[in-house]
Amino acid sequence: AQSVAQPEDQVNVAEGNPLTVKCTYSVSGNPYLFWYVQYPNRGLQFLLKYITGDNLVKGSYGFEAEFNKSQTSFHLKKPSALVSDSALYFCAVRDKGDSNYQLIWGAGTKLIIKP
Amino acid sequence: GAVVSQHPSWVICKSGTSVKIECRSLDFQATTMFWYRQFPKQSLMLMATSNEGSKATYEQGVEKDKFLINHASLTLSTLTVTSAHPEDSSFYICSASTGLGVQPQHFGDGTRLSIL
(Lines give C-alpha, C1' and ligand atoms only; values in the text may rest on other atoms or scores of the structure.)
Protein backbone atom coordinates (compact mmCIF):
# COMPACT_ATOMS: atom_id res chain seq x y z
CA ALA A 1 0.00 0.00 0.00
CA GLN A 2 1.17 3.49 -0.79
CA SER A 3 1.68 5.78 2.15
CA VAL A 4 3.44 8.86 3.42
CA ALA A 5 4.62 9.25 6.98
CA GLN A 6 5.41 12.50 8.75
CA PRO A 7 6.57 11.16 12.09
CA GLU A 8 6.42 14.45 13.97
CA ASP A 9 3.11 16.12 14.74
CA GLN A 10 4.94 19.28 15.72
CA VAL A 11 8.42 20.70 15.36
CA ASN A 12 9.65 23.62 17.45
CA VAL A 13 12.62 25.64 16.31
CA ALA A 14 14.13 28.90 17.47
CA GLU A 15 14.27 31.69 14.92
CA GLY A 16 17.55 31.69 13.05
CA ASN A 17 18.21 28.00 13.63
CA PRO A 18 18.07 25.39 10.89
CA LEU A 19 14.88 23.41 10.59
CA THR A 20 14.03 19.95 9.32
CA VAL A 21 10.58 18.48 8.77
CA LYS A 22 10.72 14.77 8.15
CA CYS A 23 8.91 12.72 5.54
CA THR A 24 9.22 9.10 4.50
CA TYR A 25 7.21 7.36 1.84
CA SER A 26 6.22 4.00 0.49
CA VAL A 27 5.12 3.56 -3.12
CA SER A 28 5.10 0.61 -5.44
CA GLY A 29 6.92 2.38 -8.24
CA ASN A 30 9.07 5.45 -8.59
CA PRO A 31 7.78 8.51 -6.81
CA TYR A 32 7.17 12.11 -7.52
CA LEU A 33 7.46 13.95 -4.21
CA PHE A 34 5.99 17.26 -3.10
CA TRP A 35 5.96 19.61 -0.15
CA TYR A 36 3.13 22.01 0.53
CA VAL A 37 2.56 24.59 3.26
CA GLN A 38 -0.78 25.60 4.76
CA TYR A 39 -1.41 28.77 6.72
CA PRO A 40 -4.46 28.97 9.02
CA ASN A 41 -7.80 28.92 7.20
CA ARG A 42 -6.09 28.85 3.84
CA GLY A 43 -5.54 26.35 1.08
CA LEU A 44 -2.18 24.76 0.43
CA GLN A 45 0.72 26.43 -1.28
CA PHE A 46 3.20 24.46 -3.33
CA LEU A 47 6.79 24.66 -2.04
CA LEU A 48 8.83 22.24 -4.12
CA LYS A 49 8.85 18.93 -5.91
CA TYR A 50 11.21 16.14 -6.82
CA ILE A 51 10.82 14.48 -10.18
CA THR A 52 14.23 13.16 -11.14
CA GLY A 53 17.85 14.19 -11.24
CA ASP A 54 19.60 16.08 -8.48
CA ASN A 55 18.57 14.77 -5.09
CA LEU A 56 18.62 18.24 -3.54
CA VAL A 57 15.65 20.29 -4.63
CA LYS A 58 15.30 24.00 -3.95
CA GLY A 59 11.92 25.60 -3.60
CA SER A 60 10.05 28.68 -2.49
CA TYR A 61 10.85 30.85 0.56
CA GLY A 62 14.34 29.39 0.96
CA PHE A 63 13.17 25.84 1.55
CA GLU A 64 14.89 22.80 0.13
CA ALA A 65 14.39 19.07 0.35
CA GLU A 66 16.66 16.11 -0.13
CA PHE A 67 15.47 12.96 -1.84
CA ASN A 68 17.07 9.83 -0.40
CA LYS A 69 16.05 6.76 -2.33
CA SER A 70 17.69 4.21 -0.06
CA GLN A 71 15.96 5.65 2.99
CA THR A 72 12.77 6.49 1.07
CA SER A 73 12.83 9.93 2.60
CA PHE A 74 12.21 13.46 1.43
CA HIS A 75 12.96 15.73 4.38
CA LEU A 76 12.20 19.44 4.14
CA LYS A 77 14.93 21.79 5.32
CA LYS A 78 15.75 25.44 5.71
CA PRO A 79 19.12 26.80 6.93
CA SER A 80 17.69 29.65 9.00
CA ALA A 81 14.10 29.63 10.24
CA LEU A 82 11.86 32.68 10.29
CA VAL A 83 8.88 33.26 12.58
CA SER A 84 6.79 33.60 9.42
CA ASP A 85 7.64 29.99 8.52
CA SER A 86 5.29 28.86 11.29
CA ALA A 87 2.57 26.87 9.54
CA LEU A 88 1.38 23.37 8.74
CA TYR A 89 3.54 21.43 6.30
CA PHE A 90 2.40 18.50 4.20
CA CYS A 91 4.48 15.97 2.33
CA ALA A 92 2.82 14.20 -0.60
CA VAL A 93 3.80 11.53 -3.08
CA ARG A 94 2.52 10.50 -6.43
CA ASP A 95 3.32 7.22 -8.11
CA LYS A 96 4.77 7.87 -11.56
CA GLY A 97 2.40 5.28 -12.93
CA ASP A 98 -0.73 6.98 -11.61
CA SER A 99 -2.59 8.54 -14.50
CA ASN A 100 -5.09 10.24 -12.20
CA TYR A 101 -2.45 12.54 -10.75
CA GLN A 102 -3.71 11.78 -7.25
CA LEU A 103 -1.46 12.58 -4.34
CA ILE A 104 -0.96 10.47 -1.24
CA TRP A 105 -0.74 12.87 1.70
CA GLY A 106 1.13 12.78 4.94
CA ALA A 107 -0.68 13.75 8.13
CA GLY A 108 1.03 17.10 8.32
CA THR A 109 3.59 18.61 10.68
CA LYS A 110 2.97 21.80 12.56
CA LEU A 111 6.07 23.95 12.51
CA ILE A 112 6.43 26.53 15.25
CA ILE A 113 9.25 29.03 15.02
CA LYS A 114 9.84 30.90 18.26
CA PRO A 115 11.42 34.37 18.30
CA GLY B 1 0.59 32.10 -12.44
CA ALA B 2 -1.48 29.00 -11.58
CA VAL B 3 -4.09 30.72 -9.47
CA VAL B 4 -7.12 28.84 -8.21
CA SER B 5 -10.05 30.80 -6.87
CA GLN B 6 -12.51 29.13 -4.51
CA HIS B 7 -15.77 30.75 -3.55
CA PRO B 8 -17.29 31.29 -1.07
CA SER B 9 -14.63 31.32 1.60
CA TRP B 10 -17.12 30.96 4.45
CA VAL B 11 -20.69 29.71 4.55
CA ILE B 12 -23.04 29.47 7.50
CA CYS B 13 -26.45 28.01 6.78
CA LYS B 14 -29.31 26.08 8.26
CA SER B 15 -29.58 22.32 8.27
CA GLY B 16 -31.31 21.03 5.14
CA THR B 17 -29.90 23.72 2.88
CA SER B 18 -27.90 22.85 -0.23
CA VAL B 19 -24.62 24.69 -0.63
CA LYS B 20 -22.62 25.15 -3.82
CA ILE B 21 -18.88 25.78 -3.77
CA GLU B 22 -17.10 26.97 -6.89
CA CYS B 23 -13.52 26.30 -7.87
CA ARG B 24 -12.03 28.22 -10.77
CA SER B 25 -8.61 28.07 -12.37
CA LEU B 26 -7.97 31.68 -13.34
CA ASP B 27 -4.95 31.51 -15.58
CA PHE B 28 -4.66 27.93 -16.75
CA GLN B 29 -6.82 25.11 -18.01
CA ALA B 30 -7.48 22.46 -15.43
CA THR B 31 -8.13 19.09 -16.97
CA THR B 32 -8.32 17.55 -13.52
CA MET B 33 -9.71 18.99 -10.35
CA PHE B 34 -9.75 17.50 -6.89
CA TRP B 35 -12.04 18.08 -3.94
CA TYR B 36 -10.75 17.55 -0.44
CA ARG B 37 -12.23 17.72 3.00
CA GLN B 38 -10.09 18.67 5.96
CA PHE B 39 -11.04 18.13 9.58
CA PRO B 40 -9.44 20.23 12.33
CA LYS B 41 -5.79 19.39 12.86
CA GLN B 42 -5.94 16.63 10.28
CA SER B 43 -4.62 15.98 6.85
CA LEU B 44 -6.51 16.29 3.61
CA MET B 45 -9.06 13.65 2.77
CA LEU B 46 -9.61 13.26 -0.95
CA MET B 47 -13.31 13.20 -1.72
CA ALA B 48 -13.32 12.97 -5.48
CA THR B 49 -11.39 13.51 -8.67
CA SER B 50 -13.07 15.16 -11.61
CA ASN B 51 -11.96 15.41 -15.20
CA GLU B 52 -13.48 17.99 -17.47
CA GLY B 53 -16.53 16.67 -19.29
CA SER B 54 -16.81 13.40 -17.45
CA LYS B 55 -18.31 12.12 -14.24
CA ALA B 56 -16.34 12.53 -11.06
CA THR B 57 -14.63 9.57 -9.46
CA TYR B 58 -15.52 9.41 -5.80
CA GLU B 59 -13.37 7.92 -3.07
CA GLN B 60 -14.70 5.05 -1.04
CA GLY B 61 -17.12 6.18 1.62
CA VAL B 62 -18.00 9.48 -0.04
CA GLU B 63 -21.68 9.71 -0.98
CA LYS B 64 -21.96 10.85 -4.56
CA ASP B 65 -25.60 11.85 -4.11
CA LYS B 66 -24.65 13.95 -1.12
CA PHE B 67 -21.66 15.65 -2.67
CA LEU B 68 -22.47 16.51 -6.27
CA ILE B 69 -19.49 17.45 -8.39
CA ASN B 70 -19.67 19.07 -11.79
CA HIS B 71 -16.67 19.86 -13.96
CA ALA B 72 -18.34 21.39 -16.98
CA SER B 73 -15.41 23.39 -18.30
CA LEU B 74 -11.64 23.48 -18.15
CA THR B 75 -11.74 26.32 -15.67
CA LEU B 76 -14.66 25.54 -13.39
CA SER B 77 -15.67 22.75 -11.05
CA THR B 78 -18.43 22.92 -8.49
CA LEU B 79 -19.17 20.93 -5.37
CA THR B 80 -22.74 20.97 -4.11
CA VAL B 81 -23.41 19.69 -0.63
CA THR B 82 -27.04 18.65 -0.81
CA SER B 83 -29.34 18.82 2.19
CA ALA B 84 -26.44 19.69 4.44
CA HIS B 85 -26.43 18.65 8.07
CA PRO B 86 -24.18 19.64 10.97
CA GLU B 87 -21.93 16.63 10.39
CA ASP B 88 -21.11 18.07 6.97
CA SER B 89 -19.51 21.07 8.63
CA SER B 90 -15.89 21.10 7.59
CA PHE B 91 -13.20 22.86 5.57
CA TYR B 92 -13.49 21.99 1.89
CA ILE B 93 -10.57 22.61 -0.43
CA CYS B 94 -10.31 22.24 -4.17
CA SER B 95 -7.21 21.87 -6.27
CA ALA B 96 -6.54 21.87 -9.97
CA SER B 97 -3.98 20.35 -12.24
CA THR B 98 -3.18 20.91 -15.88
CA GLY B 99 -2.46 17.25 -16.29
CA LEU B 100 0.69 18.13 -18.20
CA GLY B 101 3.95 16.61 -17.10
CA VAL B 102 4.43 16.62 -13.37
CA GLN B 103 2.79 19.89 -12.55
CA PRO B 104 1.83 20.29 -8.89
CA GLN B 105 -1.74 20.63 -7.82
CA HIS B 106 -2.72 24.24 -7.26
CA PHE B 107 -5.08 24.88 -4.40
CA GLY B 108 -7.91 27.23 -3.69
CA ASP B 109 -8.08 28.93 -0.31
CA GLY B 110 -10.78 26.61 0.94
CA THR B 111 -14.37 27.02 2.07
CA ARG B 112 -15.32 26.89 5.71
CA LEU B 113 -18.79 25.33 5.84
CA SER B 114 -20.79 25.59 9.06
CA ILE B 115 -24.20 23.97 9.23
CA LEU B 116 -26.39 25.05 12.13
Side-chain angles (χ1 to χ4, degrees), chain A residues 1-10 21 23 25 29-53 57 59-60 63 65 67 87-112, chain B residues 1-11 21 23-25 28 30-52 54 56-60 90-114:
Chain A
Q2 301 181 96
S3 64
V4 176
Q6 292 181 243
E8 303 151 316
D9 291 336
Q10 183 169 311
V21 182
C23 172
Y25 65 90
N30 292 315
Y32 297 131
L33 295 153
F34 303 83
W35 275 102
Y36 287 83
V37 59
Q38 184 181 30
Y39 296 98
N41 295 311
R42 300 292 298 275
L44 278 67
Q45 294 179 30
F46 168 71
L47 281 179
L48 50 79
K49 66 181 178 183
Y50 171 81
I51 302 175
T52 188
V57 179
S60 305
F63 283 93
F67 171 63
L88 190 57
Y89 289 81
F90 289 99
C91 179
V93 64
R94 185 183 126 195
D95 192 318
K96 285 185 178 180
D98 181 2
S99 59
N100 281 329
Y101 312 105
Q102 289 183 4
L103 294 175
I104 309 299
W105 294 91
T109 298
K110 186 175 183 180
L111 178 63
I112 298 177
Chain B
V3 178
V4 175
S5 173
Q6 188 173 340
H7 179 81
S9 57
W10 201 294
V11 179
I21 302 170
C23 181
R24 294 181 183 272
S25 57
F28 68 100
T31 54
T32 306
M33 285 188 171
F34 304 87
W35 286 95
Y36 294 90
R37 185 172 178 176
Q38 187 178 30
F39 293 98
K41 299 183 180 180
Q42 293 192 25
S43 187
L44 303 174
M45 182 193 81
L46 179 65
M47 299 175 66
T49 303
S50 73
N51 292 297
E52 185 264 339
S54 58
T57 300
Y58 289 81
E59 294 300 300
Q60 191 172 6
S90 193
F91 192 55
Y92 293 87
I93 312 175
C94 72
S95 72
S97 172
T98 63
L100 300 174
V102 191
Q103 295 303 313
Q105 293 182 21
H106 302 286
F107 285 80
D109 274 344
T111 297
R112 176 74 58 193
L113 177 61
S114 297

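Numbered from 1 within each chain, the chains take letters A, B, ... in sequence-line order.
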message: If you define the side chain from C-beta out and look only at heavy atoms, does anything of A/Leu44 sit under 4.5 Å from B/Leu44?
response: yes
One should read off an interatomic distance between B/Gln42 CD and A/Leu88 CG, to the nearest 0.5 angstrom, of 11.5 Å
A/Gln45 side chain near B/His106 side chain, heavy-atom distance below 4.5 Å: no
**OP:** Please say whether more than 12 non-hydrogen atoms of neighbouring residues, nucleotides or ligands are located less than 6.0 Å from CZ in B/Arg112.
**Re:** yes
Backbone of A/Gly108 reached by a side-chain donor or acceptor of B/Ser43 within 3.5 Å: no
Does any part of the side chain of B/Gln105, heavy atoms only, come nearer than 4.5 Å to the side chain of A/Gln102, both counted from C-beta?
no
When the 4.5 angstrom heavy-atom criterion is applied to A/Asp9 and chain B, the contacting part is neither
Residue set satisfying ring-ring contact (aromatic ring centres under 6.0 Å, His included) with B/Phe91, at least two apart, ordered chain then number -> none
Taken in chain and number order and not counting sequence neighbours, the residues that satisfy ring-ring contact (aromatic ring centres under 6.0 Å, His included) with A/Tyr36 are A/Phe46, A/Trp105, B/Phe107
dist A/Asn41:CG -> B/Ser9:OG (nearest 0.5 Å) comes out at 9.5 Å
